[in-house]
There are 2 protein chains.
Amino acid sequence: MSQNSLTISDRIQNHLDDLTRAERQLAHSILENYPASGLGPLSALAKDAKVSVPTVARMVQKLGFNGYLDFQTELREELKAKVQDPIAKHDTWAEAAPTEHVLNSFTDAVIHNIRQSLAHIDPVAFDQACALIADKQHSLCITGGRLTQTLAEYFFSHLQVVRPKVTHIQSSSSAWPHYLLDMKKDDVLVIFDMRRYENNSFKLAQMAHEKGAKVILITDQWRSPIHQIADFSFSCRIVVPSAWDSAVTPLLLLETMISTVQNLTWGETKGRIKALEDMFDQTKQFRKFT
Amino acid sequence: MSQNSLTISDRIQNHLDDLTRAERQLAHSILENYPASGLGPLSALAKDAKVSVPTVARMVQKLGFNGYLDFQTELREELKAKVQDPIAKHDTWAEAAPTEHVLNSFTDAVIHNIRQSLAHIDPVAFDQACALIADKQHSLCITGGRLTQTLAEYFFSHLQVVRPKVTHIQSSSSAWPHYLLDMKKDDVLVIFDMRRYENNSFKLAQMAHEKGAKVILITDQWRSPIHQIADFSFSCRIVVPSAWDSAVTPLLLLETMISTVQNLTWGETKGRIKALEDMFDQTKQFRKFT
DNA sequence: TTCATTTTGATATATTTTTATCATATTTGT
DNA sequence: ACAAATATGATAAAAATATATCAAAATGAA
């Protein structure tokens with residue numbers, strides 16, 4: 001590292017606001033594969049970031065370097081210093097924070113959760129469950145409890161775009177028997193139940209099951225009692241160094257499901273999304289991303 | 001890394017016996033500051049190793065490369081690969097699924113997002129922001145837009161337990177000017193704004209800012225325009241192989257914040273949580289975790 | 001809208017860097 | 001010690017890479 005203790009990555013980050021569109025695009029491309037991409041030829045970098053050659057030259061000057069070669073030299077110095085320094089050995093997430101900082105310990109735990117959970121997921125069951133969720137022939141009901149309703153909502157609001165006949169109910173709501181009434185054989189119920197498991201949710205799942213609905217359960221590593229009657233159940237590790245459980249792993253699972261379902265229904269979804277976006281555009285409430 | 005899984009360092013080591021004196025001298029010089037020195041100009045490397053320029057050219061050919069440029073390119077590839085997966089290395093996430101299964105590719109992307117985002121977070125700013133959020137002297141307002149309201153809600157529902165004077169408003173709601181009216185100097189506004197950025201959110205943030213409130217922004221890697229007026233802003237990478245953006249990284253950030261705030265206020269929080277749990281127990285809607 | 005300003009990229013020029021050639025030095029075997 | 005083979009480096013030629021110039025395009029203000 002040079003005299004000042006700022007890494008080049010930091011310098012780019014700091015200048016991000018002074019940069020123009022093409023330059024920002026370039027900056028992100030550099031940070032994407034940092035520092036490798038900056039060590040190649042200027043022209044390769046330009047091509048990679050889809051900007052012109054002079055843009056690269058201009059940006060490094062804006063960053064305060066004496067040309068691209070100077071920039072590269074400093075990058076190499078930085079790399080050299082980093083490799084030599086045994087402490088900087090990439091075992092922290094937030095590089096600027098000590099290992100024991102909550103940013104690092106928490107992230108450690110989350111990554112561990114993801115590892116463990118993914119390792120135990122049966123991809124065949126996953127694909128089957130996604131196919132059920134994508135099936136527009138039957139209605140889809142999503143429900144969560146006190147702690148999991150946000151997850152249920154997230155899932156609901158995305159699926160709503162992807163397919164019709166989706167409803168979201170809270171198991172603690174007094175209205176759920178009405179929804180159940182309309183449930184037919186082979187309809188699908190996606191239910192979230194994490195500790196502490198809720199009686200209402202169990203009853204709801206049971207009744208749906210008795211009406212012949214397919215039950216897909218998202219639960220924690222200890223598994224909700226609903227597990228016994230569920231057609232598919234996916235368990236996620238949720239333990240973090242906190243008074244609360246983490247929703248990161250289930251969220252990851254949900255997003256993966258949404259993406260899969262979306263792909264399965266892409267032909268029709270495309271139109272729905274387009275229409276939706278157009279409507280939002282018309283309200284002019286939202287500015288286009290530039 | 002190229003077809004074979006040997007690193008270039010390995011290749012040099014293996015060839016060490018085939019090399020002549022000057023070449024061996026060079027080889028050791030390369031390994032000395034690996035890989036940085038190999039990424040500079042050939043002439044610099046020659047000078048550094050105290051050998052002639054053609055010696056370098058000859059050696060890399062002996063190693064099986066197609067010239068010095070080829071050698072450098074592969075070195076860069078190796079570096080790129082190394083930085084990208086320091087944890088994942090070989091094995092896949094969902095072990096039973098092939099590498100290209102969405103479970104694996106999606107998780108790859110998410111882990112990459114987490115890495116990138118965490119690496120750019122300033123732990124000092126993080127701690128300061130958490131202190132603001134924990135400060136019960138001032139009220140706290142949480143708001144999100146169309147795509148981020150679920151995150152805002154999640155944050156809200158947890159903070160509600162941890163401290164008093166928290167409100168959640170949607171920036172698209174027509175009610176927000178009323179909330180703003182009550183906002184005093186040094187009150188805190190936590191605002192979520194990811195692409196596509198919403199005008200309403202910007203206006204809300206601006207007005208809060210003008211009233212002297214502290215603005216904490218959670219945004220994506222391209223940064224919402226609110227960034228300019230925010231007292232703290234945290235950007236998360238959200239790109240995944242899907243038609244949607246991922247909320248996993250921001251969620252991780254939120255949970256870490258919640259945990260930190262909780263620790264800061266633990267003395268008082270303890271009582272609040274206990275009271276809340278007791279209330280839930282009494283309703284007998286929830287079964288104790290066994 | 002129109003005009004001024006900024007941003008961007010194509011091309012040409014200058015620079016650096018790499019590779020090839022060849023003479024000199026070093027090593028090795030007898 | 002001497003010759004043959006090999007290794008090395010100085011220099012020149014070739015290639016690649018970077019910078020400068022300028023015109024087109026995009027943006028923003030009036």
Side-chain angles (χ1 to χ4, degrees), chain A residues 8 12 15-30 33 35-77 281 284 287-290, chain B residues 8 12 15-30 33 35-77 195-197 199 202 206 222-223 225 228:
Chain A
I8 294 181
I12 296 176
H15 277 269
L16 224 49
D17 296 319
D18 312 342
L19 301 179
T20 64
R21 184 197 47 79
E23 285 171 345
R24 208 158 22 233
Q25 190 175 322
L26 167 65
H28 282 120
S29 174
I30 294 175
N33 281 79
S37 48
L39 293 165
L42 185 152
S43 48
L45 185 55
K47 198 171 153 197
D48 217 53
K50 299 198 178 73
V51 299
S52 73
V53 165
T55 300
V56 181
R58 274 190 295 259
M59 195 196 74
V60 294
Q61 291 206 330
K62 238 184 201 172
L63 256 43
F65 297 99
N66 211 19
Y68 187 71
L69 278 74
D70 183 38
F71 166 74
Q72 279 197 322
T73 310
E74 291 215 30
L75 255 189
R76 273 198 306 275
E77 291 296 322
D281 275 347
K284 298 209 172 159
R287 202 199 301 190
K288 267 235 159 74
F289 165 64
T290 53
Chain B
I8 294 182
I12 296 176
H15 277 270
L16 225 49
D17 297 324
D18 312 344
L19 301 178
T20 65
R21 181 195 51 75
E23 286 170 344
R24 205 159 22 235
Q25 189 176 322
L26 168 64
H28 282 121
S29 175
I30 293 175
N33 282 77
S37 47
L39 292 165
L42 185 152
S43 47
L45 186 56
K47 198 172 156 196
D48 216 53
K50 301 199 178 75
V51 299
S52 74
V53 164
T55 301
V56 181
R58 275 190 294 260
M59 194 196 74
V60 294
Q61 292 206 330
K62 237 183 200 171
L63 257 42
F65 296 98
N66 210 21
Y68 187 69
L69 277 72
D70 184 39
F71 166 75
Q72 278 196 322
T73 309
E74 293 218 27
L75 254 189
R76 274 198 306 274
E77 292 296 322
R195 70 173 181 190
R196 316 148 54 164
Y197 314 119
N199 265 331
F202 184 76
Q206 194 159 40
W222 302 281
R223 288 177 171 173
Q228 292 155 11

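Reminder, nothing fancy here: chain letters follow the sequence lines and each chain counts from 1.
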dist A:R76:CZ -> A:F71:CZ (nearest 0.5 Å) comes out at 11.0 Å
B/S/- along nucleotides 8-17 of chain C (protein heavy atoms under 4.0 Å) is BBB-----SS
Value for CG (A:L45) from CE (A:M59), rounded to nearest 0.5 Å, stands at 7.5 Å
Angle separating the five-pair end axes of the helix from C:dT1-D:dA30 to C:dT30-D:dA1, nearest 10°, is 40°
Looking only at heavy atoms, the pair that brings A:T55 and A:L26 closest together is O-CD2, 4.2 Å
Here the gap from A:I12 atom CD1 to A:I30 atom CD1, rounded to the nearest 0.5 Å, amounts to 4.5 Å
Between CD of B:Q61 and P of D:dA7 the distance, given in whole Å, is 14 Å
Whole-Å distance, B:L45 CG to C:dT19 P, equals 12 Å
B:K47 atom NZ is separated from C:dT18 atom P, nearest whole Å, by 14 Å
NE2 (A:H15) and NZ (A:K62) are apart, to the nearest 0.5 Å, by 10.0 Å
Here the distance between atom P of D:dT8 and atom CG of B:L26, to the nearest Å, is 10 Å
Is there a donor-acceptor pair under 3.5 Å between the side chain of A:R24 and the backbone N or O of A:L19?
yes
When rounded to whole Å, the CZ to P distance for the pair A:F65 and D:dT19 reads 13 Å
When rounded to whole Å, the CD to P distance for the pair B:Q72 and D:dA16 reads 14 Å
Residues at least two apart in sequence or cross-chain that pass side chain to side chain contact (heavy atoms under 4.5 Å, CB included) with A:D48, listed by chain then number, are A:S29
Rounded to whole Å, the CG-P distance (A:D18 to C:dT7) equals 11 Å
Here the pair of heavy atoms bringing A:Q72 nearest to A:L39 is NE2-O, 3.1 Å
